[in-house]
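Down below is the structure, laid out as structure tokens.
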Amino acid sequence: MPLKLDTKINEIRCSWCKKIIRGNPIVVKTCCNNKPLVFCSNSCYTAWMRQWLRKQEQIRR
């Protein structure tokens, strides 16, 4: 499962929708990615999470 991180990040765009982040971002790191992913809102994070879980289930089968 992805881990939420509480770190300062220099990236100012959302990894999912590419919008500029003006507030506090949601920073997540998975075992599959070497760099953290940054999300502008909880809705972007949940959309990414659904797709990521679908891919993990397909890999398992």
Side-chain angles (χ1 to χ4, degrees):
M1 289 301 291
L3 300 171
K4 285 189 179 180
L5 304 175
D6 294 328
T7 59
K8 297 282 183 179
I9 194 102
N10 293 336
E11 195 169 335
I12 58 169
R13 291 204 176 261
C14 179
S15 298
W16 184 254
C17 67
K18 306 299 185 212
K19 285 197 283 189
I20 295 175
I21 299 173
R22 292 198 165 84
N24 287 336
I26 299 172
V27 183
V28 176
K29 181 163 182 350
T30 65
C31 59
C32 307
N33 298 336
N34 287 332
K35 73 174 202 174
L37 298 168
V38 181
F39 300 100
C40 62
S41 65
N42 200 21
S43 62
C44 283
Y45 174 63
T46 55
W48 173 82
M49 176 74 93
R50 279 184 297 216
Q51 184 182 19
W52 184 79
L53 286 173
R54 262 189 233 127
K55 286 181 184 178
Q56 297 304 313
E57 288 294 322
Q58 290 174 2
I59 291 171
R60 190 181 300 167
R61 290 181 189 182

Which atoms form the tightest heavy-atom contact between Cys40 and Cys14, and what is the distance?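 Closest approach of Cys40 to Cys14, heavy atoms only: N-SG, 3.5 Å.
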
Ignoring hydrogens and geometry, is there a side-chain-to-backbone donor-acceptor pair from Ser15 to Val38 under 3.5 Å?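 Pair found, side chain donor or acceptor close to backbone of Val38.
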
How long is the gap from CH2 on Trp48 to OG1 on Thr30, to the nearest 0.5 Å?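 If I round to the nearest 0.5 Å, the distance is 5.5 Å.
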
Could you walk me through whether Gln51 and Trp16 pass the side chain to side chain contact (heavy atoms under 4.5 Å, CB included) test, one step at a time? CA-CA 11 Å; Gln51 184 182 19; Trp16 184 254; 2.9 Å; yes

Tell me, do Ile21 and Arg13 make a side-chain contact under 4.5 Å, heavy atoms counted?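 No, their side chains stay 4.5 Å or more apart.
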
